[in-house]
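Contents: one structure, followed by commentary.
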2 protein chains.
Amino acid sequence: MAIAKSPALPSLATTKGGRGSLATQVRDQLRTRILTHEWNEGKKIPSEFDLAGQYQVSRVTIRTALKALEAQGLLDIRHGSGAYVANFGAAIRAGLQELRSITDTIREMGFEPGMTHRVVKRRGATADEALRLQIAEGEPVLYMERAILADDEVVAYSYDAVAIRDTPEKSIGEMGKGSVFGAFAKLGIFPVRALAEIHAISSMDIGWGKGRPKSGLYLLLKQLHFLRDGVPVMASDTYFVEGRFQFIIHRTL
Amino acid sequence: MAIAKSPALPSLATTKGGRGSLATQVRDQLRTRILTHEWNEGKKIPSEFDLAGQYQVSRVTIRTALKALEAQGLLDIRHGSGAYVANFGAAIRAGLQELRSITDTIREMGFEPGMTHRVVKRRGATADEALRLQIAEGEPVLYMERAILADDEVVAYSYDAVAIRDTPEKSIGEMGKGSVFGAFAKLGIFPVRALAEIHAISSMDIGWGKGRPKSGLYLLLKQLHFLRDGVPVMASDTYFVEGRFQFIIHRTL
DNA sequence: AGTCAATAGTTGTCCTACAACTTGATCGAA
DNA sequence: TTCGATCAAGTTGTAGGACAACTATTGACT
């Protein structure tokens, strides 16, 4: 039962000046250790006491991290026995219930993500956009039409509207290029949740270009992204080509 | 700052002999207090210290409960400030990321749930079912074909296969009648998670009866329900009629 | 072999104390 | 007044120690 700080573990506070609470940092590190299969699925991970020793934090902090991972479905904590790795690692990472960028998800699925922009412009909000973004009609939004690719094949067409509000002009340009969430992060804007509505759509009016599917069958993900305090920042309608993208949801109590 | 146990609160241990840990009981009670709008959306709830006094438990227990609710997206806890009610109560309850029976969801949406059984029989597992349920091909399963109604209108057709395993014969009959999960509960079987796959389907071969939609457009929810230890117990393919049932997902980090 | 009791290990809860952060009030200077 | 800094009170985050409740294994006994 020797307690020694494993030198292989990246230290906590020093990694990046501390981005979030201690428990959050520990949670993220344990998360990657689980997802990289450091412990086999179904296997017991070290006790809270041991982990506290490894990370040099209190048992409270470890417990908070473990509970969070249990809530995400990655762990199964049993009173008096221990914490066990659930056997759904990959599915959870790809699950819709986790808010992550489509690009990242595609990359983790082993494909090469890509994106082509058809429309990127600043214009007044439509009635529908104004309603969803809780702004006045006609107020400026950044409107985009993009095709999302995986290994050069179109997997989805996305129609997005970002509320401008106080966004400086120069930063708006960046969104039209790389990752939208990357641009958000630079501005200190962090959407922490999204409300998504799912529909089955059969239409020939969706999409463009030669990669456009003939079936016309799509899964529409109608999303609204929110900040911590509940302010909506982006409304996006993404049409996923049926069959080319796996939609998984991990449901828990 | 007077700490008095509110007499309106149901006591914890006495309610039902204690179904789960203290923190879980507190979580459930706080959850209903939130969903019944005891505190307005966006408003601050009492401090951990106050709640500990109300429920006569330690601050640790309250913290555990609050953290769980935060993970579910019902609360927003801010360091140094307090815990605030998120403005997504209804959406979260109806959200797919929460594992609840369709019947309950329909009822909470204000409709009268119903169900008609077309097929209820015990037969050997098909190759696909055997694979999903992790049993041998031909082993007995309870197979059902049901139509799910809301206010006497068909919202979905479901094709389900339940792994029999040690289930006593008489209990199998009950599943064919009322709620499947109700029958599970009586047997002490509690599915705690499900992995769902979503597809858009356009087909005229789905469904039956005169309520069958003409469009032939469905959202297929292909589910597999698991026990705590990862044993699959039920595989169900549910075809939701596009437009008649709102599919929402609450996505969080 | 089978049953039961003891035991060590693990998670759940409690207590106390303090650190870190947020918010509003207070006060002083421009 | 108006702005800004400072302060104080309130709240969440982390620490450490202690014990209760539960699990799984071992070992003794029948």
Side-chain angles (χ1 to χ4, degrees), chain A residues 1-3 5 11-14 17-30 39 42-71 74-86 188 192 227-229, chain B residues 1-3 5 11-13 17-30 39 42-71 74-86 192 227-229:
Chain A
M1 204 69 51
I3 307 299
K5 184 175 172 119
S11 54
L12 294 174
T14 57
R19 58 191 192 304
S21 68
L22 251 183
T24 316
Q25 295 173 45
V26 172
R27 160 171 69 74
D28 290 341
Q29 293 206 10
L30 285 174
W39 302 293
K43 260 303 168 51
K44 188 157 74 169
I45 72 173
S47 73
E48 298 175 350
F49 185 75
D50 284 356
L51 289 173
Q54 283 185 29
Y55 289 98
Q56 294 290 345
V57 298
S58 82
R59 217 190 115 200
V60 178
T61 304
I62 295 291
R63 268 185 77 73
T64 308
L66 292 182
K67 281 294 194 183
L69 292 172
E70 184 188 37
L74 281 166
L75 285 179
D76 177 21
I77 305 178
R78 303 177 197 160
H79 186 187
S81 177
Y84 300 78
V85 177
V192 295
L227 263 36
R228 282 186 78 83
D229 52 10
Chain B
M1 204 72 49
I3 307 299
K5 182 173 174 129
S11 55
L12 295 175
R19 60 193 191 303
S21 68
L22 251 182
T24 332
Q25 295 173 47
V26 173
R27 160 171 68 76
D28 290 340
Q29 293 204 14
L30 285 174
W39 302 291
K43 261 302 166 52
K44 188 156 75 169
I45 72 173
S47 73
E48 298 175 351
F49 186 76
D50 285 355
L51 289 173
Q54 284 185 27
Y55 287 99
Q56 294 291 345
V57 298
S58 81
R59 214 190 117 200
V60 177
T61 303
I62 295 291
R63 267 184 79 71
T64 308
L66 293 182
K67 280 294 194 181
L69 292 172
E70 184 188 37
L74 282 166
L75 285 179
D76 177 20
I77 304 179
R78 303 178 198 161
H79 186 189
S81 177
Y84 300 78
V85 177
V192 295
L227 263 37
R228 279 189 80 80
D229 52 10

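Keep in mind the model is a prediction, meaning the values are calculated, not measured. Residue numbers begin at 1 in each chain, while the letters A, B, ... track the order of the sequences.
Atom CD1 of I77(A) and atom C1' of dC22(D) are 15 Å apart (whole Å). Atom OH of Y84(B) and atom C1' of dT11(D) are 9 Å apart (whole Å). Rounded to whole angstrom, the span from the NE2 atom of H79(B) across to the P atom of dT12(D) amounts to 9 Å. A straight line from CD of E48(A) to C1' of dT14(D) spans 15 Å, rounded to a whole angstrom. In this structure, the CZ atom of F49(A) is 12 Å from the P atom of dA18(D), given to the nearest Å. Atom-to-atom, CD of Q25(A) to P of dT14(D) comes out at 9 Å; the value is rounded to the nearest Å. Residue R78(B) contributes atom CZ, which lies 16 Å from atom C1' of dG10(D) at whole-angstrom precision. Note: CG (L22(A)) to P (dC18(C)) measures 20 Å, nearest angstrom.
Two residues, G80(B) and A23(A), neighbour DNA chain D, and the one matched to the more 5' nucleotide by heavy-atom proximity is G80(B).
With contacts defined as side-chain heavy-atom distances shorter than 4.5 Å, the pair L51(B)/Q54(B) qualifies.
Candidate nucleotides dG13(D), dT13(C), dT11(C) were compared by shortest atom distance to the side chain of S21(B), and dT13(C) ranks first.
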Please tabulate, for the side chains in residues 74-83 of chain B, all donor-acceptor contacts under 3.5 angstrom to protein atoms that are two or more places apart in sequence or on a different chain.
| from | atom 1 | to | atom 2 | distance (Å) |
| --- | --- | --- | --- | --- |
| D76(B) | OD1 | R228(A) | NE | 3.4 |
| D76(B) | OD1 | R228(A) | NH2 | 2.6 |
| D76(B) | OD2 | R78(B) | NE | 3.1 |
| D76(B) | OD2 | R78(B) | NH2 | 3.4 |
| S81(B) | OG | Y84(B) | OH | 2.5 |

- Item | Derivation and outcome, side-chain contact (heavy atoms from CB on, under 4.5 Å), residues V26(A) and I62(A) | CA-CA 7 Å; V26(A) 172; I62(A) 295 291; 4.0 Å; yes
- Which is it for I45(A) and L66(A) under the side-chain contact (heavy atoms from CB on, under 4.5 Å) test, yes or no, and what are the steps along the way? CA-CA 10 Å; I45(A) 72 173; L66(A) 292 182; 3.8 Å; yes
- Between Q29(B) and Y55(B), does a side-chain contact (heavy atoms from CB on, under 4.5 Å) hold up when you go through it step by step? CA-CA 10 Å; Q29(B) 293 204 14; Y55(B) 287 99; 3.4 Å; yes
- Query: Where do W39(A) and L30(A) land on the side-chain contact (heavy atoms from CB on, under 4.5 Å) test, with the steps shown first?
  - Reply: CA-CA 11 Å; W39(A) 302 293; L30(A) 285 174; 4.1 Å; yes
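One finds a side-chain N or O of S58(B) lying less than 4.0 angstrom from the OP1 or OP2 phosphate oxygen of dC14(C).
For the segment residues 59-69 of chain A, residues with any heavy atom less than 4.0 angstrom from an atom of DNA chain D are, sorted by number, R59(A), V60(A), T61(A).
Side-chain atoms of T64(A) come within 3.5 Å of backbone N or O of V60(A) as a donor-acceptor pair.
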